[in-house]
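Working notes for the structure below.
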Amino acid sequence: MKVTGVKVTSYACPPGGRAAAGMHANRGCVVELLTDSGLTGIAIGADGAHAQIERLVGELLVGADPRATSGLWQQMTDAQAARQNEGFASTTIAMLDGALWDLKAKANDEPLWKTLGGSRPRANAHGGGIAPTATDYELADRCRMLSRDYGLRGAKLVIGGDEDRDLARLEAMRTALRQGTAVPTLIVDAEQRWAPEEAIRRLRAMERQFDVAWVEGATRSGDIPGLKQISDAIRGAVCIGRDLGTRGEFLPHFDQRSADVIQLDIGAVGITGALELADAAYGFELPVTLAEAPGNIHAHLASVMPYFMSMEVGYPATRWPVFTSDVRIEAGWAIAGDAPGNGLTVDREALKRAATRGGS
Amino acid sequence: MKITGYRVEQYLMKMDRLVGDANLPSGVEMLPGSILYLETDENVTGISLGYGGGIEALFGAIEGADPREVVALWIRMNDWLHKAGNEGAASASLSAIDVALWDIKAKLADEPLWRTLGAREGRVRAYASGLDYCLSDEELFAFYRRMAEQGIDTGKLKVGLDLAADLRRLGIMREALSIASQRPGLMIDANEYWSPKQAVRYVRQLEEHFELIWVEEPARRWDYHGLRLVSQQVKAAVASGENLHNLAQVYPLIANRAVDVINVWTGQSGVTGLRQIAHMAHVHGLPVSMMNAQANYMAHIAAALPNHNMMEVVDPGREHCLKWNNHVEDGFIVLGDAPGFGIEVDEARLKQLQANPPTGRGKFPFPRREGAGRYIVPPAPGEVPWR
């Protein structure tokens, strides 16, 4: 089996709609890696890297056997090392790696989780970040639906603005989640707004009223001593990783113990990179959480990560604008299906309507 | 697709020659062998080489499971060992089962394991390792020359007991390898015979005459202070890890920057376990090196590791009842396309070996030498008794 080419389609959805989760809520990019066997490898990710994707496929992947996921990952990252300053390098490689894994699983006619060596995945899940733009009513409503529709017993709130408003919203989130569990798991994301001292003051004040499982974006992700200082000062865990793209960026956090929870996102580090980093985190006894991903396909990876803890799902968790996913969310768990590959299927009609660049 | 049963065949081999290191320079020629056959309901059998018994204690963790779910099964087996720990015989069993599961996974995909693991090609750079403390100078030269004729330009010599002899032997190894390269790569292995400061004194003296790529096991396997001290005080890199059996045991070496190269092999909790070690090493920018293996089967795993430098190749003859699908060419182990590890067992030959066990001198593995790391006055020949 050989890669023959790639089709890249950018899409944008009308305001109010919802596209790929994560970095670009209403915009995204569909990568379809074509082969001589008729199988197509699919990856959905952030938009903006058309040229890089097409060039990398042309230079390295055309003619290669897509089952060589590890070797091709190595080739792509080596090529990236020479182009450090070009934007989108990490996301480009991450998406192509995802498409290669999809092909590898499809070549075996088995779901991705099985190709990875996983057992039927039943990934513990929590609700995704509730944006500060959501009104208090929307926030409570969203949490009730996460609980009612999916049985989720934990959720993440974006904080960092007005202190009293943060506390009131956290209270609203806890109250809403209590319809499904006596002890909701509360996660907060301060989006790197705070300096370490401010983070410590705000989080300690929060912890007088709430048991917070972990905090993302407690301070800038490059501030290793600052994050360590925060971790030492609060009860909850400090979580980093979502905006890191290379193992070199994760290394100081492992080494200096500046994080207690490692968050991985295949949209940033690829599947190959995520598996590698999860093993390294295991070596450091650090639990791994998986970020919100298009189609919730992180569910495929959970059962091969020795210290997997929980994965994030958005709302609505199973409706996507230009593709479908066979991952379902039930009773607080994300469960990947049995369709070959990563379970993502492109909705041709919808993609045609939403396409802004590329496609055919 | 289900795992239905297993059997273990044990046998004894007489190698073609003696093998020895600083702990037993006179060497042994007998080697126990063990083959685990993991059976499924689809007429595919996974094979795992070179381990002892003890499978029954863990088989319950995988019985009836789909062997393709090998990583999740590794986690389950590791969880089963929660109280006792992934150590000793239990660890060897976990390793053996994991290897056989990967063999099945690749066979079911009808592809060589290197492809299942994601390698671009089934090709691994090799270095020669003589296991050679028991060889005469002529035999030493002949071994490395034979390897050099296959394109291998790097060798690893057993050292540690006699500085003058080791200097002479390093010269012989370099000379023998010189037909493969103008600058043969030279490595040494002390098999934990030294204390850290002994290692520094010894290696520094060798380095007055030879440039060494790495010194292997210059101190005890867990001694991260000692290993780091050696690494800082000699020019050569320090390699270690072959006698540790899981990621948790290797962790202090990596986290404390104690070693520069990590020796990996399937005895470190299987393919899955050694891959965890390699991944953690990779994140730290450390290379790994695969240990020697019967029929070089571990080259499949090495081919897919992003940070693998070179694999140890030996030739004492341990493949008495095996058929395999790889060869050494131009200094590389070249793997074939046979499914799984590409290993087949010659059952008739195995039965013969079991019915008529060969006899010979000594038996692997041998114990640590009396006084290793302690007797700062080197014992004269014969002063330290051996059996």
Inset, instruction - Any chance you could measure Arg120(B), atom CZ, to Gln75(A), atom CD, to the nearest 0.5 Å? - result: 3.5 Å
Legend entry - side-chain contact (heavy atoms from CB on, under 4.5 Å) assessment of Asp65(A) paired with Arg115(B): CA-CA 9 Å; Asp65(A) 187 326; Arg115(B) 186 180 296 288; 2.6 Å; yes
Legend entry - Glu69(B) backbone acceptor or donor facing Ser119(A) side chain under 3.5 Å: no
Inset, instruction - May I ask you to check whether His279(B) and Phe284(A) place their ring centres under 6.0 Å from each other? - result: no
Legend entry - Nearest-0.5 Å distance that lies between atom OG1 in Thr116(B) and atom CG in Asn108(A): 7.0 Å
Inset, instruction - Search all heavy atoms of Ala304(B) against all heavy atoms of Ser70(A) and return the closest pair with its distance. - result: O-OG, 2.8 Å
Legend entry - Region of Tyr282(A) that comes under 4.5 Å of a non-hydrogen atom in chain B: both
Legend entry - Which portion of Asn78(B) sits near chain A, non-hydrogen atoms under 4.5 angstrom: side chain
Inset, instruction - Give, as side chain, backbone, both or neither, the part of Glu121(B) having an atom under 4.5 angstrom from any heavy atom of chain A. - result: neither
Legend entry - Residue, of Gly71(A), Ala107(A), Gly117(A), that accumulates the most heavy atom pairs under 4.5 Å with chain B: Gly117(A)
Legend entry - Contact class of Trp113(A) relative to chain B, heavy atoms under 4.5 angstrom: side chain
Inset, instruction - Locate the shortest heavy-atom distance separating Pro306(B) from Glu276(A); write the atom from each residue and the value. - result: CG-OE2, 3.6 Å
Legend entry - Worked verdict on Gln74(A) versus His282(B) for side-chain contact (heavy atoms from CB on, under 4.5 Å): CA-CA 11 Å; Gln74(A) 194 60 22; His282(B) 193 213; 4.0 Å; yes
Legend entry - Straight-line distance of Glu111(B) CD to Lys104(A) NZ, nearest 0.5 Å: 5.5 Å
Inset, instruction - Please look at Leu116(A) and chain B and tell me whether the side chain, the backbone, both or neither of the residue comes under 4.5 angstrom of a heavy atom of that chain. - result: backbone
Legend entry - Reported CD-to-CG distance for the pair Glu110(A) and Asp66(B), which is rounded to 0.5 angstrom: 8.0 Å
Legend entry - Which portion of Trp74(B) sits near chain A, non-hydrogen atoms under 4.5 angstrom: side chain
Legend entry - Atom CZ of Arg220(A) with >12 non-hydrogen neighbours under 6.0 angstrom: no
Legend entry - OG1 on Thr69(A) to CG on Leu117(B), rounded to 0.5 Å: 8.5 Å
Inset, instruction - Please answer whether the main-chain N or O of Thr115(A) pairs with a side-chain N or O of Lys105(B) as donor and acceptor at a distance below 3.5 Å. - result: yes
Inset, instruction - Heavy-atom pairs under 4.5 Å with chain B are the metric here; pick the option from Asp109(A), Asp279(A), Leu275(A) that has the most. - result: Asp279(A)
Inset, instruction - Test side-chain contact (heavy atoms from CB on, under 4.5 Å) on Asp255(A) and His284(B) and set out the steps. - result: CA-CA 9 Å; Asp255(A) 250 2; His284(B) 285 75; 3.3 Å; yes
Inset, instruction - Determine, step by step, whether Leu277(A) and Val283(B) satisfy the side-chain contact (heavy atoms from CB on, under 4.5 Å) criterion, reporting the C-alpha distance in whole Å, the side-chain angles of both residues, the deciding distance to 0.1 Å, and the verdict. - result: CA-CA 7 Å; Leu277(A) 288 162; Val283(B) 169; 4.0 Å; yes
